[in-house]
Amino acid sequence: MNPSSSLSTPQTMEAIVSLAKRRGFVYQASEIYGGIRGFWDYGPLGVLLKNNIRDWWWRCMVECPPVGPDGKIVDMVGLDSAIIQHPKTWEASGHTATFADPMRKCEKCGHILRADHYWDILTTQSKWFDELIKATDNGSKTDPDTLIRWVKNKARKSAPNLAANTFSNFAPPPNPDLHQLIRYLADQQDPCILCGGRLGDPEQFNLMMISYAGLQQTSENLVYLRPETAQGIFLNYKNILDTTRVKVPFGVAQVGKSFRNEVTPRNFIFRSREFEQMEMEFFCPPDEALKWYEFWKHQRMQWWLSLGIAPSNLRFRDHEPNELSHYSKATVDIEYKYPFTAPDFGELEGIAHRGDFDLTQHQKYSGAKLEYFDQDLQLRLKEQGASQDEIRQKSRYVPNVIEPASGLTRAVLVLLCEAYRYDESRPSKEYFAFKPRFAPVKVGIFPLVNKDGMPEIAEKLYLNLRKRLTCEYDPKQSIGKRYARMDEIGTPFCVTIDGETTSHQTVTVRHRDTQAQDKVHLSQVEAYLLERLNDESTSSSI
RNA sequence: GCGGCGGUAGCUCAAUGGUAGAGUACUAGCCUUCCAAGCUAGUUGUUGAGGGUUCGAGUCCCUUCCGCCGCUCCA
């Protein structure tokens, strides 16, 4: 990409959102009703772009996966599991516990905290609580004078919304413990740890979307829309082992929708409540997990580069130990420099070493046996002269899992950002320089003018080419206008039927990025285009 | 969720409390032999939604929805 023509600023983002709407890539969902927060519709061109990325991922992961670090072919299969699974799935995965906490919200400042951890959070994180501790000599000096002094001075700043009782009838209970004292100060309420404001009643804040399977909306019928596609793979791990001929190490890949009640959906399609994921779970022997983690980390970065993204716009970011999810032994994010995060980076894909957490959990909750008996390993150990005990112990295990999990809808966003160009000197100042493989429309087919037999030839060529390529035929208006329109939606090639087509059987192929033109024989057009659409080296642009 | 700003045609934007407009796009026709040319005609609005004040509201007030920016959140 050309950095000079592509500025990474919020203004760029607005231009991209506007162009994406205008040309039918992405619409806000339910727009005629005023829109609905966190949901987006992919228009005629958006769905083509999204499908192209999805198909490339599927091709690179399932049909043509990379050869393993030991030079051996790895087994990889696909899956499309249900969005709704047994509710116990989410208990086992930890989502119910971590997603469904009772939360309380401060009515003054809006701070949200866990209701069941109120006292812990207050005593460890509240500034005004620290001051109160000091002022009352660790809760031993709770006479009205001391308290009034604290309320009138320090608390005025650190806890402005603390509903301290009127000073005239200030009468804290005798020898209160700290919790009693604070409830007294806050007028019998638990006050906000930040501002001292009144906390609302506890509410279930569930980041998983809820529905009911069955006619009655009872707790027995409660189900969740999946917050990630991964669990569907773990649930089918045994099915796949039993019904296909894969052997550990192997991977299962899946593309599909996931749903999360994000607190703040924002930044166009970056964080939405319904989104599409491309996830792969790679099952391997425990002592090979780190090797495969490094392998996939590298492979996944190569894949993003294969979309034509500038290396300088991508980076790895290792998760800090305290940042790791409850299941993960190591996680690295692949991040992209989005216009709205620049010069910072934002998440694009996470590659997690999940250990044996998921399979062990599902084994525990379901009672199904999810161990793997590794005959290859048994043989190898035998050859190495290991003891019977060691062989028995080592060749039966719960596989470890390496999970590259990426967002398909985020990939769409990245390509829109990465391919966006602004160039004053061109007829269409704005255009998308998609790598040909991902362009929604590959070829525009035009008669130079709408007469002299040119439309007939162009139409025939269109009917022929569209069998293999996404094409558009357009005989209307000036040729420059039609080129510009194609540039704007990122079409890499235009084929124009001109006067020489009737006399010499040649057409003009016009290239989006350079605006250069080639003469090609009519019979060679298809081969000419196919060669350039599939050739990696033609990607002068993204 | 909180605070600030905003929402008018598909898009970019005008419009002292007094007739809702421009550019562009789009459609049809003419013209046009390679980069958004021109001419003619045409389509396009519950001014985000709901309520209020007023003789009269795009404009003032209230509520709500959506968006942007900053916090907060993002197992």
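Below, chain A is the first sequence line, B the second, and so on; all start at residue 1. No experiment lies behind these values; they were computed from the predicted model shown.
Of all nucleotides listed (B/U33, B/C66, B/U12), B/C66 comes nearest to the side chain of A/Q28. In this structure, the nucleotide among B/G67, B/U32, B/C34 sitting nearest to the side chain of A/Q517 is B/C34. Distances from the side chain of A/S478 to the nucleotides B/G1, B/A36, B/C74 place B/A36 closest. Checking B/G10, B/C35, B/C74 against the side-chain heavy atoms of A/R22 singles out B/G10 as nearest. Minimum atom distance to the side chain of A/R485 is reached by B/C26, of the listed B/C66, B/C26, B/C34. Listed nucleotides B/A37, B/U32, B/C35 differ in distance to A/N450; the shortest reach to its side chain belongs to B/U32. Side-chain atoms of A/K476 lie closest to B/A28 of the nucleotides B/A28, B/C34, B/U32. When distances run from any side-chain atom of A/R266 to the nucleotides B/C34, B/A36, B/C68, the shortest one goes to B/C68. With distances taken from any side-chain atom of A/A484 to the nucleotides B/G67, B/U32, B/A36, the minimum falls on B/A36. The nucleotide whose nearest atom lies closest to any side-chain atom of A/K481 is, among B/G10, B/A25, B/C34, B/A25.
Note: CZ (A/F446) to P (B/A36) measures 13 Å, nearest angstrom. With rounding to whole Å, A/H511 atom NE2 is found 16 Å from B/C35 atom P. Taking atom CD1 of residue A/I32 and atom P of nucleotide B/G45, one finds them 14 Å apart after rounding to whole Å. Rounding to whole angstrom units, CG of residue A/L194 and P of B/U72 are separated by 10 Å. Going from atom CD1 of A/I36 over to atom C1' of B/G67 covers 15 Å, rounded to whole Å. A straight line from CD1 of A/I16 to P of B/U12 spans 14 Å, rounded to a whole angstrom. Summarising the geometry, the separation between CZ on A/R23 and C1' on B/U24 is reported as 13 Å, rounded to the nearest angstrom. The distance from atom CG of A/L348 to atom P of B/C74 is 21 Å, rounded to the nearest whole Å.
Taking the six-membered ring for Trp and thresholds of 30 and 60 degrees, A/F270 and A/F340 have ring planes more than 60 degrees apart, a perpendicular arrangement.
Between A/E430 and A/R421 no salt bridge is recorded (no basic side-chain N to carboxylate O distance below 4.0 Å). Ion pairing between A/E403 and A/R354 holds under the 4.0 Å rule for side-chain N and carboxylate O. Electrostatic pairing of A/E456 and A/K451 does not count as a salt bridge here, judged by no charged N lying under 4.0 Å from a carboxylate O. Ion pairing between A/E488 and A/R22 holds under the 4.0 Å rule for side-chain N and carboxylate O.
Residue A/Q515 is in base contact, counting any heavy-atom pair closer than 4.0 Å across all strands shown. A/F268 comes within 4.0 angstrom of sugar-phosphate atoms only, judged by non-hydrogen atoms across all strands, and of no base. In this structure, A/S18 reaches the sugar-phosphate backbone alone: every heavy-atom distance under 4.0 Å involves primed, P, OP1 or OP2 atoms, never a base. Note on A/N261: nothing from the nucleic acid sits closer than 4.0 angstrom, heavy atoms only. When heavy atoms are screened at a 4.0 angstrom cut-off, A/E500 is found touching no nucleic acid atom at all. Residue A/K451 is in sugar-phosphate contact alone, with no base atom involved, counting any heavy-atom pair closer than 4.0 Å across all strands shown. Contacts of A/D452 with the nucleic acid, taken as non-hydrogen atoms under 4.0 Å apart, include base atoms. Within 4.0 Å (heavy atoms only), A/E31 reaches no atom of the nucleic acid at all.
Atom name C1', nucleotides B/U46 and B/A20: the rounded distance is 13 Å, in whole Å. Taking the P atom of each, B/A25 and B/U40 are spaced 16 Å apart, rounded to whole Å. Using P as the reference atom, B/A49 and B/C65 are 15 Å apart when rounded to the nearest Å. B/C11 and B/C5 have their P atoms separated by 25 Å, given to the nearest Å. Atom name P, nucleotides B/U53 and B/C61: the rounded distance is 15 Å, in whole Å. Spacing of C1' atoms, B/A9 relative to B/C13, comes out at 11 Å, to the nearest Å. B/G48 sits 23 Å from B/U43 when the C1' atoms are compared, rounded to a whole Å. Only the C1' atoms considered, B/G58 is 11 Å distant from B/G7, to the nearest whole Å.
The 5' end of RNA chain B is approached more closely, in terms of each residue's nearest nucleotide, by A/V449 than by the other of A/R271 and A/V449. Both A/G35 and A/Q477 sit near RNA chain B, but only A/Q477 has its closest nucleotide nearer the 5' end.
Contact annotation: side chain of A/R426 to base of B/C35, donor-acceptor pair absent below 3.5 Å. At a cut-off of 3.5 angstrom, the base of B/A36 holds at least one donor-acceptor pair with the side chain of A/E488. No hydrogens or angles were tested; on distance alone, a donor-acceptor pair under 3.5 Å links the side chain of A/Y483 to the base of B/C34.
Side chains of A/E424 and A/Y422: a donor on one and an acceptor on the other come within 3.5 Å. Inspection of the A/T508 and A/Q517 side chains reveals no N or O donor paired with an N or O acceptor under 3.5 Å. A donor-acceptor contact closer than 3.5 angstrom is absent between the side chains of A/T506 and A/H504.
Phosphate proximity of B/G10 to A/K21: absent, as no side-chain N or O sits under 4.0 Å from OP1 or OP2. Proximity of A/R37 to the phosphate of B/G67: a side-chain N or O atom is located under 4.0 Å from OP1 or OP2.
In this structure, A/R271 and A/R266 have side chains that are not in contact, with every pair of non-hydrogen atoms separated by 4.5 Å or more.
Cation-pi geometry between A/R510 and A/Y483 is satisfied (NZ or CZ under 6.0 Å from the ring centre, within 45° of the ring normal). Both tests do not hold together for A/R512 against A/Y431: distance to the six-membered ring centre under 6.0 Å, angle to the ring axis within 45°.
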Pairs counted as Watson-Crick or G-U wobble with both distances under 3.5 Å: what dot-bracket string results for RNA chain B, using | for bases tied to another strand? (((((((..((((....[..)))).(((((.......))))).....(((((..]....))))))))))))....
